[in-house]
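Reading through the structure tokens given below for one structure.
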2 protein chains.
Amino acid sequence: MDRSALFQKFLTFTSSVHEVSHELTRGVKNEDVTPVQYKILEYMMFSQPVTPSEIADCVDLSLPNTSRELRKLTEKGLCEKTTDNADRRRQLFRLSADGQAMMGRVFAQVQQGFEQRIDGLTEEELQELEKALELLQSKVFR
Amino acid sequence: MDRSALFQKFLTFTSSVHEVSHELTRGVKNEDVTPVQYKILEYMMFSQPVTPSEIADCVDLSLPNTSRELRKLTEKGLCEKTTDNADRRRQLFRLSADGQAMMGRVFAQVQQGFEQRIDGLTEEELQELEKALELLQSKVFR
DNA sequence: CCTTTTTGTTATCAAAAGACAAGTACCGGT
DNA sequence: ACCGGTACTTGTCTTTTGATAACAAAAAGG
């Protein structure tokens with residue numbers, strides 16, 4: 001196997017993935033959140049509740065800046081803050097009803113774009129697709 | 001096939017791809033370019049020469065801001081500007097020797113990270129990998 | 001108690017990025 | 001030669017993001 005050729009394919013592939021996901025989330029700009037704020041909300045969709053430290057780690061933001069953006073999101077009514085009673089230094093953030101609703105809209109749009117892309121594929125092709133996703137996920141993108 | 005389940009896998013997959021490519025290009029911050037400037041240089045690696053309009057389209061930047069960033073990159077000696085003689089309104093940008101060298105370093109580092117990830121895979125697994133990349137590229141990320 | 005450490009917030013400042021108005025130079029057609 | 005459109009540049013202003021110092025509150029461990 002020619003490793004360099006494989007690497008080339010890897011490069012164009014990742015570039016395509018970026019392009020497509022950018023394309024799919026394009027409509028997010030309608031909503032009143034900045035890119036960084038969106039990343040935070042997206043992260044909160046997967047794990048809730050979260051502390052500022054966790055967000056800072058995963059979204060690659062300093063703690064002070066994370067705190068600032070969380071405050072802005074809270075002011076916009078997209079997330080809510082509570083104090084952890086087990087350790088009162090820790091603050092727990094979760095999406096508010098509005099935040100849930102907004103991210104729901106975004107994901108629905110992304111899903112629709114995805115469905116459109118795989119529209120017309122046979123059942124067999126879908127199965128191959130799933131296998132390919134799992135394979136790459138387990139062997140390269142982990 | 002459960003489309004929702006497939007969509008879920010798609011989501012976690014793209015998120016993993018982002019994470020990994022972020023991880024692989026982490027060292028770029030050593031070089032003296034901003035993220036936007038890096039995207040421009042990366043684009044120039046694939047197609048050269050390019051006009052400001054093409055860059056603006058592909059990197060999703062307004063023309064004035066593209067022009068500004070290209071000026072900065074030129075001042076840093078990372079790219080060069082020439083006028084298209086066929087149409088003297090058009091400006092052609094290409095990487096300078098320094099720019100080529102820098103992007104070469106970055107790509108070498110990315111390649112090394114990639115090799116490391118696929119290290120230990122058998123010849124057969126590599127073949128499967130290639131197939132999977134091609135499949136996803138052709139059916140979803142196009 | 002009394003440090004020390006952890007967790008988070010606030011306040012600034014600077015750099016990067018986005019938006020937009022205005023201007024220059026060139027092309028293509030008339 | 002003129003005119004409308006294209007390609008790009010310049011200048012300016014705002015917002016977003018990044019970095020850092022200083023602070024407060026709670027926990028952890030003597």
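A, B, ... follow the sequence lines: proteins, then strands. Residue 1 opens every chain.
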Would you indicate, yes or no, if dT7(C) has its OP1 or OP2 atom less than 4.0 angstrom from a side-chain nitrogen or oxygen of T51(A)? no
Please determine if a side-chain N or O atom of K81(A) lies less than 4.0 Å away from the OP1 or OP2 oxygen of dT9(C). yes
Atom-pair distance ([atom1] on [X]; [atom2] on [N]), nearest Å:
X: E69(B); N: dA16(C); atom1: CD; atom2: P; result: 9 Å
X: I40(B); N: dG18(C); atom1: CD1; atom2: C1'; result: 13 Å
X: D84(A); N: dA25(D); atom1: CG; atom2: C1'; result: 14 Å
X: R71(B); N: dA17(C); atom1: CZ; atom2: P; result: 14 Å
X: D87(B); N: dG28(C); atom1: CG; atom2: C1'; result: 10 Å
X: L63(A); N: dC23(D); atom1: CG; atom2: P; result: 18 Å
X: Q91(B); N: dA25(C); atom1: CD; atom2: P; result: 12 Å
X: R68(A); N: dA22(D); atom1: CZ; atom2: P; result: 19 Å

Indicate the ring-plane relationship of F141(A) and F13(A), choosing parallel, tilted or perpendicular according to the 30° and 60° boundaries. tilted
What side-chain donor-acceptor pairs closer than 3.5 Å can you find for residues 106-115 of chain A, not counting sequence neighbours?
unit_1: Q109(A); atom_1: NE2; unit_2: L24(A); atom_2: O; d: 3.2
unit_1: Q111(A); atom_1: NE2; unit_2: E115(A); atom_2: OE2; d: 3.4

With L73(B) as reference, evaluate T34(B), L95(B), L78(B) under the side chain to side chain contact (heavy atoms under 4.5 Å, CB included) test and give the passing residue. L78(B)
Whichever of T34(A) and R88(A) has the more 5' nearest nucleotide on DNA chain D, that residue is T34(A)
Under the rule for side chain to side chain contact (heavy atoms under 4.5 Å, CB included), what residues qualify as partners of K139(A), not counting sequence neighbours? L135(A), L121(B), E125(B), E128(B), L129(B)
Scan side-chain atoms only and decide if K76(B) and Q37(B) contain a donor-acceptor pair under the 3.5 Å cut-off. yes
So if I take every side-chain heavy atom of [X] and compare against [options], which nucleotide ends up nearest?
X: R89(A); options: dT17(D), dT5(C), dG18(C); result: dT5(C)
X: S62(A); options: dT17(D), dA19(D), dC26(C); result: dA19(D)
X: N65(B); options: dA26(D), dC20(C), dT20(D); result: dC20(C)

Within the 4.0 Å heavy-atom criterion, would you say P64(B) contacts the bases, only the backbone, or no part of the nucleic acid? base
